[in-house]
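Below you'll find the structure, written out as structure tokens, and then a few comments.
Reminder, nothing fancy here: chain letters follow the sequence lines and each chain counts from 1. No hydrogens, no waters, no symmetry mates; every other heavy atom, side chains included, goes into these values.
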Amino acid sequence: MQQKNFTLKSLADKLDVGYKGDPDTLITGLATLQSAKPDQLSFLANPAYEKYLNDTQAAVVILTASVAENYDGNVLIHSNPYLAYAELSHLWEKRLAVELRIHDSAHVDPSATLGRDVQLAENVIVGPGVVIADEVILGPNCVIGEDSVIGAGSFFYAGVTMYHGVTVGTDCIIHSGVVLGSDGFGFAPSKGGWKKIAQLGGVIIGDRVEIGANTTIDRGALDNTIVGDGVILDNQIQIAHNVVIGENTAMAACCAVAGSTTIGRNCVVGGASGIAGHLNIADDVHITAMTMVIKSLTGPGVYSSGTGVQPNDKWRRSIARLRQLDKMASRLSKLEKQLKEKRD
Amino acid sequence: MQQKNFTLKSLADKLDVGYKGDPDTLITGLATLQSAKPDQLSFLANPAYEKYLNDTQAAVVILTASVAENYDGNVLIHSNPYLAYAELSHLWEKRLAVELRIHDSAHVDPSATLGRDVQLAENVIVGPGVVIADEVILGPNCVIGEDSVIGAGSFFYAGVTMYHGVTVGTDCIIHSGVVLGSDGFGFAPSKGGWKKIAQLGGVIIGDRVEIGANTTIDRGALDNTIVGDGVILDNQIQIAHNVVIGENTAMAACCAVAGSTTIGRNCVVGGASGIAGHLNIADDVHITAMTMVIKSLTGPGVYSSGTGVQPNDKWRRSIARLRQLDKMASRLSKLEKQLKEKRD
Amino acid sequence: MQQKNFTLKSLADKLDVGYKGDPDTLITGLATLQSAKPDQLSFLANPAYEKYLNDTQAAVVILTASVAENYDGNVLIHSNPYLAYAELSHLWEKRLAVELRIHDSAHVDPSATLGRDVQLAENVIVGPGVVIADEVILGPNCVIGEDSVIGAGSFFYAGVTMYHGVTVGTDCIIHSGVVLGSDGFGFAPSKGGWKKIAQLGGVIIGDRVEIGANTTIDRGALDNTIVGDGVILDNQIQIAHNVVIGENTAMAACCAVAGSTTIGRNCVVGGASGIAGHLNIADDVHITAMTMVIKSLTGPGVYSSGTGVQPNDKWRRSIARLRQLDKMASRLSKLEKQLKEKRD
């Protein structure tokens with residue numbers, strides 16, 4: 001699927017960086033050092049892979065100037081090869097095939113407003129009062145609820161559901177199965193069982209946000225649930241009502257954030273972590289995967305929990321001992337006391 | 001979106017409770033004490049927020065009689081302000097905009113039975129033999145499989161999928177992306193690999209059940225998977241085949257319950273907890289978030305697991321020590337013996 | 001829904017095994033020993049249930065030859081009753097009701113290729129260049145992206161989304177809400193925030209794979225994400241980019257596998273387990289439920305993590321002590337030293 005061709009010189013021009021070797025070298029795609037064919041571009045970002053450099057068949061490799069000195073092949077010179085790879089990768093990107101049109105099977109409420117060059121794929125449903133800005137693309141089966149707003153250039157893959165009163169900013173990418181604006185989990189206990197609390201707030205998603213497949217973000221109870229500009233959320237994440245996530249925070253797959261928690265900017269949350277409700281997580285916090293955050297984290301740093309994997313028989317002993325710890329501590333104190341008495 | 005107006009007196013009448021202040025005070029919406037505008041209703045449910053009471057701009061606050069004594073503003077007096085808030089919140093609720101009709105793009109099998117005032121939104125698909133009771137509303141793209149049944153007054157948001165032979169009770173709310181009746185994970189090992197076991201049971205959902213976005217509930221292997229009346233399930237929960245959940249149990253987001261486990265009534269399960277298969281959880285059990293339940297819990301009480309979050313360097317030491325615990329215990333015993341010998 | 005009838009003899013013939021009792025015994029369905037009615041088939045696979053054998057009303061029970069000796073009723077004799085049950089269960093299976101046709105509301109791109117007896121339900125969307133082999137059935141609302149391929153005999157329930165360039169093998173079963181080929185979570189950090197890396201690889205799903213409801217499998221960054229033949233994945237699993245899963249591995253619900261990890265063949269991964277990125281899991285590894293795998297597992301065996309559930313008050317003490325472990329270890333060493341000094 002990578003059919004577009006570029007010369008080494010044209011790529012260097014695109015990135016406004018230098019190069020080494022034949023400017024006319026033809027590049028037809030991207031690949032890792034190990035798998036690159038003689039017409040492909042590769043890159044060296046992780047020093048651990050430098051061992052593959054000499055044997056690579058890549059037409060061109062993106063390298064830092066210092067590494068380039070010791071490499072004989074064609075080089076695109078960049079101070080941050082990984083970032084250069086990120087930028088060039090989009091040359092070969094293929095997204096949803098949508099022609100510039102509103103498909104006949106789309107249902108758009110007459111009161112909705114569509115900007116210039118909006119594309120709506122098969123079976124898209126746009127509710128009353130919705131505002132969709134220029135160059136928005138909605139994949140098949142997307143449903144946009146009443147009075148919701150989508151900013152310019154945002155792209156929804158097939159099957160995204162937005163409830164009413166949800167705002168998505170500009171240049172966002174929303175993947176399939178995402179649900180935005182479902183009810184927060186708010187119920188008052190009563191003698192007759194749980195009494196539902198209507199969730200009257202909305203969801204506000206900032207600009208340049210990416211949301212992974214099957215992630216769910218609930219609407220606020222009274223105020224809004226807020227996801228800041230530049231936030232990236234992986235697949236199957238759950239964001240509860242009234243959570244606030246600061247700019248440029250990244251969250252890996254399967255995390256869950258409970259209600260009314262505030263997460264700072266530039267945080268990185270490892271996969272399958274859980275963050276309890278009503279907490280504050282400071283800026284620049286790094287939470288490792290599968291961590292159970294049950295208190296606020298007030299300063300930057302790396303935080304973790306869990307016991308890590310062990311062979312089952314050893315794990316069973318560890319866990320049994322863990323339950324004896326309280327008694328072990330008492331026994332230790334007693335020994336210390338006895339020994340002290342002996343010495344005195 | 002909160003455009004409906006009510007007077008203080010009319011709200012007091014609705015709840016059949018007393019009030020204090022100007023009966024004609026106009027109320028246009030609901031808000032927290034901190035953010036309420038002069039035409040909004042607020043409430044004080046959590047004593048920690050009492051500090052915001054004196055500075056609130058709310059038109060009216062829901063308070064208990066005793067708190068109301070020391071507050072000068074307009075008050076709606078209720079013995080349980082949180083419950084009163086829950087009840088009144090629905091006055092400003094806005095759900096899916098569906099007109100009273102079957103949309104042209106809906107596909108309803110001729111053998112299906114639809115009750116009075118059923119509303120089917122765009123692209124809804126209703127299979128053969130389905131029975132849908134009065135006043136049911138199905139949002140866009142819902143798919144109801146053969147011979148399934150939906151009770152009166154139930155409301156499905158966009159994109160709910162029910163497989164064949166699934167029953168949902170009355171007055172349920174099912175959120176987008178929910179899958180009811182997918183196959184249980186049943187396979188017999190054989191020399192040629194896993195041999196699938198057809199899942200021949202169904203799913204029975206009781207009355208007044210709410211199911212959150214992207215939650216999945218598998219059909220039973222032979223008998224049914226059962227969710228009792230009044231159960232509330234948050235987003236992205238997984239209920240495996242033949243699980244039985246008792247009445248009024250609440251489960252927060254991202255929990256997983258493995259096959260054939262029975263959970264009692266009035267339980268509360270914190271988010272991202274996992275409950276292993278073939279267990280029994282008693283009534284009135286409270287499981288805190290991210291707990292790993294690997295044995296039956298035979299009596300009411302609060303149960304937990306996990307290590308809780310620590311700075312990564314301290315966590316690494318804790319975990320290393322945890323692995324040494326078995327040896328530490330032996331060393332402790334040895335010391336005790338030595339000291340005992342010395343004393344004897 | 002179990003309306004098909006069979007005689008004991010016909011079932012024995014189907015499995016090519018022996019039987020005991022009346023060959024004409026009529027069997028109308030399958031049930032457990034406890035709930036079977038006098039016209040139903042049951043089985044004894046787990047010795048723990050042997051106590052129910054004498055009181056069962058089942059018309060016929062599948063038993064091993066040795067157990068059959070002491071049972072007076074009708075028996076289907078099989079060396080592996082659970083496997084026999086698995087095979088016979090499909091006689092009463094009911095899947096999606098789809099007639100042999102392409103529904104009028106399906107949108108099939110003219111450049112797509114459909115094999116013999118392909119069935120496309122309501123609102124199915126098949127993109128440009130897609131190849132769908134013989135006897136494939138796609139349920140309502142399935143979306144198949146450009147240039148994707150589906151092998152013969154595969155069955156998709158309602159609402160499956162395949163992005164472009166994804167390959168599914170033969171005889172697969174894909175459940176509702178599954179997303180195949182969504183973007184891997186690849187971003188390069190830069191001063192201006194996260195820079196998205198286009199995900200140029202695909203997803204390759206082998207033959208006879210089953211994928212549970214709402215599971216997500218991301219496309220590779222450059223190479224493919226690969227799921228081997230005979231793999232079974234339960235609901236709500238997340239497979240990140242460039243993961244490779246070996247043949248016949250089984251993974252229970254809610255597991256998450258981070259990027260570029262390779263899992264061997266014939267592994268069994270318990271529910272809600274997490275496997276970090278760039279790891280290698282050997283063949284025949286068994287990981288128990290909710291395990292946190294943060295290092296490669298180089299040999300077969302059973303692996304676990306976590307602390308297991310405790311009453312909350314005891315858990316609090318365990319966790320507090322866990323944080324003191326480092327100091328306890330020092331105190332223990334000190335005591336040992338003191339005692340040694342005393343002895344010397």
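With contacts defined as side-chain heavy-atom distances shorter than 4.5 Å, the pair A/Pro311/C/Val302 does not qualify. Side-chain contact between C/Ile197 and A/Ser89 is present, with at least one heavy-atom pair separated by less than 4.5 Å.
Atom-to-atom distance recorded for C/Ser105:OG and A/Glu122:CD is 11.5 Å, nearest 0.5 angstrom. Atom CD of C/Gln238 is separated from atom OG1 of A/Thr215 by 8.5 Å, given to the nearest 0.5 angstrom. Here the CD1-CZ distance, from A/Ile237 to C/Phe185, works out to 6.0 Å after rounding to the nearest 0.5 Å. The CG atom of A/Leu332 sits 13.0 Å away from atom NZ of C/Lys327, with the distance rounded to the nearest 0.5 Å. Taken from OH in A/Tyr157 to NE2 in C/His164, the straight-line distance is 6.0 Å, to the nearest 0.5 Å. Distance CG/C/Leu222 to CH2/A/Trp92: 10.5 Å, rounded to 0.5 Å.
Using a 4.5 Å cut-off between heavy atoms, C/Asp223 touches chain A through its side chain atoms alone. The parts of A/Glu93 that come within reach of chain C are both its backbone and its side chain, each placing non-hydrogen atoms under 4.5 angstrom from that chain. Using a 4.5 Å cut-off between heavy atoms, C/Thr288 touches chain A through its side chain atoms alone. Contact of C/Ile319 with chain A is not made at all, since no heavy-atom distance falls under 4.5 Å. Using a 4.5 Å cut-off between heavy atoms, C/Ala320 makes no contact with chain A at all. The contact between A/Met251 and chain C is made entirely by backbone atoms, counting heavy-atom distances below 4.5 Å. With a 4.5 angstrom heavy-atom cutoff, C/Ser318 touches chain A via backbone and side-chain atoms both. Looking at C/Leu180, neither its backbone nor its side chain comes within 4.5 Å of chain A, counting heavy atoms on both sides. Using a 4.5 Å cut-off between heavy atoms, C/Gln199 does not touch chain A at all. If you measure heavy-atom distances from A/Ala213 to chain C, the contacts under 4.5 Å come from both the backbone and the side chain. Both the backbone and the side chain of A/Thr32 come within contact range of chain C, judged by heavy atoms closer than 4.5 Å. Only the side chain of A/Val268 comes within contact range of chain C, with at least one heavy atom under 4.5 Å from a heavy atom of that chain. For A/Leu233, the part lying near chain C is the backbone, with the side chain staying farther off; criterion is any non-hydrogen pair under 4.5 Å. For C/Ile125, the part lying under 4.5 angstrom from a heavy atom of chain A is the side chain only. Interface remark: C/Leu325 contributes side-chain atoms only to the contact with chain A (heavy atom separation under 4.5 Å).
Below 30°, between 30° and 60°, or above 60°: for A/His103 and C/His107 the angle between ring planes is above 60°, a perpendicular geometry.
Donor-acceptor pairing under 3.5 Å is recorded for the side chains of A/Asn312 and C/Ser304. Side-chain atoms of A/Ser333 and C/Arg331 include a donor-acceptor pair closer than 3.5 Å. Of the N and O atoms on the side chains of C/Ser305 and A/Gln310, not one donor lies less than 3.5 Å from an acceptor on the other residue.
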_Derivation and outcome, side chain to side chain donor-acceptor pair (under 3.5 Å), residues C/Asn123 and A/Asn141_ = CA-CA 9 Å; C/Asn123 302 328; A/Asn141 299 343; over 6 Å; no
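Partners of A/Arg316 by salt bridge (Lys or Arg N to Asp or Glu O under 4.0 Å), not counting sequence neighbours: none found. In this view, A/Glu210 and C/Lys196 satisfy the salt bridge (Lys or Arg N to Asp or Glu O under 4.0 Å) rule, not counting sequence neighbours.
Crowding of A/Tyr49 atom OH: a count of heavy atoms from other residues, nucleotides or ligands under 6.0 Å not exceeding 12.
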